[in-house]
Amino acid sequence: MTRGGCPVSARLFAQEPHGSWSSLLCVGLKGRLGWEWGTRVLECLCRKDSRTPPPCSRSPQPRGLHRPTRLPTPVAATAQVQPEVEELEPAPTGPGQQVADKHELGRLQYSLDYDFQSGQLLVGILQAMGLAALDLGGSSDPYVRVYLLPDKRRRYETKVHRQTLNPHFGETFAFKVPYVELGGRVLVMAVYDFDRFSRNDAIGEVRVPMSSVDLGRPVQAWRELQAAPREEEKLGDICFSLRYVPTAGKLTVIVLEAKNLKKMDVGGLSDPYVKVHLLQGGKKVRKKKTTIKKNTLNPYYNEAFSFEVPCDQVQKVQVELTVLDYDKLGKNEAIGRVAVGAAAGGAGLRHWADMLANPRRPIAQWHSLRPPDRVRLLPAP
């Protein structure tokens, strides 16, 4: 520091061979900022007293330049940039943070016992703690659904407990299963939030492979709820047969029946009919449709449709069946769709292959309907 209190090291400029550091600084500032601005900055730097100079924002500044500030040391810069802890946003959730998310779903206490005399598995749903709040009021109306995979049709449900995140159930359910078959089963205890006016929401579930449980004595345990896999909405099933006669080049599709169709009307029913399309190269070339069956979710048709398909083209065509709900006043809504053919894949490909392997014979098969926008046929080779 110089004796005059100027915050610039004179030693740095004393080594310059072409004049004093002040003249050099003036020339440099004049060349970059203009004479008037360079002179004012020099006065600020070489002020004789140690008082804080007036803010430079009052001085006329060239357009596009910011008010000059004193350059902080590296330590000071770190202190200024470092945010407060409260201002930090939470880091994105990754695999390492999934454990915390699981705890937020809650815990379930259950018991298991096997009655060898009656051949029954006794499942006790005891209580739950710290369940996730799914209602707007910050609570839930939980109940537990219990079943043994792979059989989901036989299931039990506890009573609904209103507005609580720590319900005490205390209910026991019996599954009649031979002990020798129990090892291949998986016990599922799924906790739901009951909603009277919409679909019940899954809070979480506990899955227990029975092969990992020692049923020589009663078991009682707590388990963390895991996120339940999202169940695909059931749209229903359709049964139809395929028959191909190579000598005549004739393909016959018989729409037999459908069952468990999705409810589309306000009254809880539907008015279903089926459209049958013949596609070639991904384009619809022929169209047929069944009659409309009123007020039913399990329609029976038994209606046949024939298409002319030469033998050399049979591997290049596909058949698409779409189940629709007829609406007298509005637009007919598609319930679901099924595709069969060489480019269909899955059950559609197997059905098509069975038809070709058994010429002149009708081959019937059930197919599960899929959402209309998810059925995509690739161009056949």
Side-chain angles (χ1 to χ4, degrees), residues 235-262 264 270-294 296-381:
L235 302 176
D237 304 284
I238 186 171
C239 181
F240 58 92
S241 69
L242 300 174
R243 179 175 181 261
Y244 184 67
V245 182
T247 55
K250 186 177 181 180
L251 173 65
T252 302
V253 181
I254 303 178
V255 181
L256 298 172
E257 60 180 310
K259 65 179 181 180
N260 303 324
L261 295 179
K262 180 183 175 182
M264 303 294 288
S270 294
D271 302 323
Y273 69 98
V274 183
K275 275 186 180 181
V276 184
H277 286 99
L278 181 70
L279 295 89
Q280 187 171 13
K283 297 181 179 180
K284 298 175 181 178
V285 295
R286 297 286 187 277
K287 179 178 71 173
K288 310 277 187 176
K289 65 179 179 179
T290 68
T291 56
I292 300 170
K293 304 299 179 180
K294 295 286 187 177
T296 179
L297 300 178
N298 301 283
Y300 180 79
Y301 298 101
N302 196 24
E303 300 180 31
F305 308 98
S306 296
F307 303 93
E308 293 183 3
V309 181
C311 190
D312 60 343
Q313 297 292 318
V314 70
Q315 290 284 28
K316 299 179 181 180
V317 300
Q318 299 91 29
V319 176
E320 184 181 87
L321 293 89
T322 306
V323 182
L324 299 101
D325 173 47
Y326 172 76
D327 196 325
K328 194 172 185 178
L329 301 177
K331 183 180 179 181
N332 300 336
E333 294 185 72
I335 299 175
R337 189 171 297 170
V338 169
V340 294
L349 176 60
R350 288 194 298 270
H351 196 178
W352 193 259
D354 290 344
M355 174 198 71
L356 296 178
N358 298 275
R360 295 177 293 277
R361 288 180 54 189
I363 306 297
Q365 185 173 319
W366 281 97
H367 293 262
S368 295
L369 294 175
R370 301 184 65 192
D373 57 345
R374 290 183 56 183
V375 178
R376 291 289 181 267
L377 287 171
L378 300 175

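Any value given below was found using the heavy atoms of this structure, including those in side chains, with hydrogens, waters and symmetry copies removed. Keep in mind it's a predicted model, so treat the numbers as computed, not measured.
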Q: Please indicate whether E308 has more than 12 foreign heavy atoms, meaning atoms of other residues, nucleotides or ligands, lying under 6.0 Å from its CD.
A: no
Q) With a 4.5 Å limit on heavy-atom distance, are the side chains of F240 and H351 in contact? A) yes
Q. Taking the side chain from Y244 and the backbone from V309, do they hold a donor-acceptor pair closer than 3.5 Å?
A. yes
Q: To the nearest 0.5 Å, tell me how far T322 OG1 sits from K287 NZ.
A: 11.0 Å
Q: Let me see the working for V314 and L356 under side chain to side chain contact (heavy atoms under 4.5 Å, CB included), right down to the final yes or no.
A: CA-CA 9 Å; V314 70; L356 296 178; 3.8 Å; yes
(Q) So which atom in L297 and which in K262 form the shortest heavy-atom distance, rounded to 0.1 Å? (A) CD2-O, 3.9 Å
**Q.** side chain to side chain contact (heavy atoms under 4.5 Å, CB included) evaluation trace for V253 with L242
**A.** CA-CA 5 Å; V253 181; L242 300 174; 3.8 Å; yes
Q) Would you say Y273 and V323 make side-chain contact, with heavy atoms under 4.5 Å? A) no
(Q) Do W366 and K259 have side chains that approach each other closer than 4.5 Å (heavy atoms only, starting at C-beta)? (A) yes
Q) Hey, are the side chains of K293 and N298 touching, using non-hydrogen atoms and a 4.5 Å cut-off? A) no
Q: Verify, without hydrogens or angle tests, whether D325 (side chain) and E333 (backbone) share a donor-acceptor contact under 3.5 angstrom.
A: no
(Q) Donor-acceptor check, side chain of Q318 to backbone of L278, threshold 3.5 angstrom: yes or no? (A) no
Q. Is any side-chain heavy atom of L279 less than 4.5 Å from a side-chain heavy atom of V319?
A. no
Q) How far does NE2 of H277 sit from NZ of K289, to the nearest 0.5 angstrom? A) 10.0 Å
**Q.** F305 CZ to T252 OG1 distance, which is reported to the nearest 0.5 Å
**A.** 11.0 Å
Q: Go through the structure and list residues passing side-chain contact (heavy atoms from CB on, under 4.5 Å) with P362, not counting sequence neighbours.
A: S241, R243
Q: Work out which heavy atom in N358 is nearest to a heavy atom in D354; give both atom names and the distance.
A: ND2-O, 2.8 Å
Q | K288 side chain near V274 side chain, heavy-atom distance below 4.5 Å | A | no
Q) Quick one: does F307's side chain get under 4.5 Å of V317's, heavy atoms only? A) no
Q: Start with the C-alpha gap between L261 and L235, add the side-chain angles, then the distance that decides, and say whether side chain to side chain contact (heavy atoms under 4.5 Å, CB included) holds.
A: CA-CA 6 Å; L261 295 179; L235 302 176; over 6 Å; no
**Q.** Where V255 and Y301 come nearest, the two heavy atoms and their spacing
**A.** O-CB, 3.4 Å
Q: For residues D327 and N332, report the shortest heavy-atom separation together with the two atoms involved.
A: N-OD1, 2.8 Å
Q.
If I compare all heavy atoms of Q280 with all of V285, which pair ends up nearest, and what's the gap?
A. CB-CG1, 4.3 Å
**Q.** Nearest atoms (heavy-atom pairs only) where L349 meets A342
**A.** CD1-O, 3.7 Å
Q) Do the non-hydrogen side-chain atoms of L256 and I254 ever get within less than 4.5 Å of each other? A) yes
Q | Distance (rounded to the nearest 0.5 Å) between I238 CD1 and L321 CG | A | 5.0 Å
Q. Could you state the interatomic distance from CD (E257) to CG (D237), rounded to the nearest 0.5 Å?
A. 10.0 Å
Q.
By the definition side chain to side chain contact (heavy atoms under 4.5 Å, CB included), identify the one residue from H367, E320, R370, K275 that meets it with R337.
A. E320
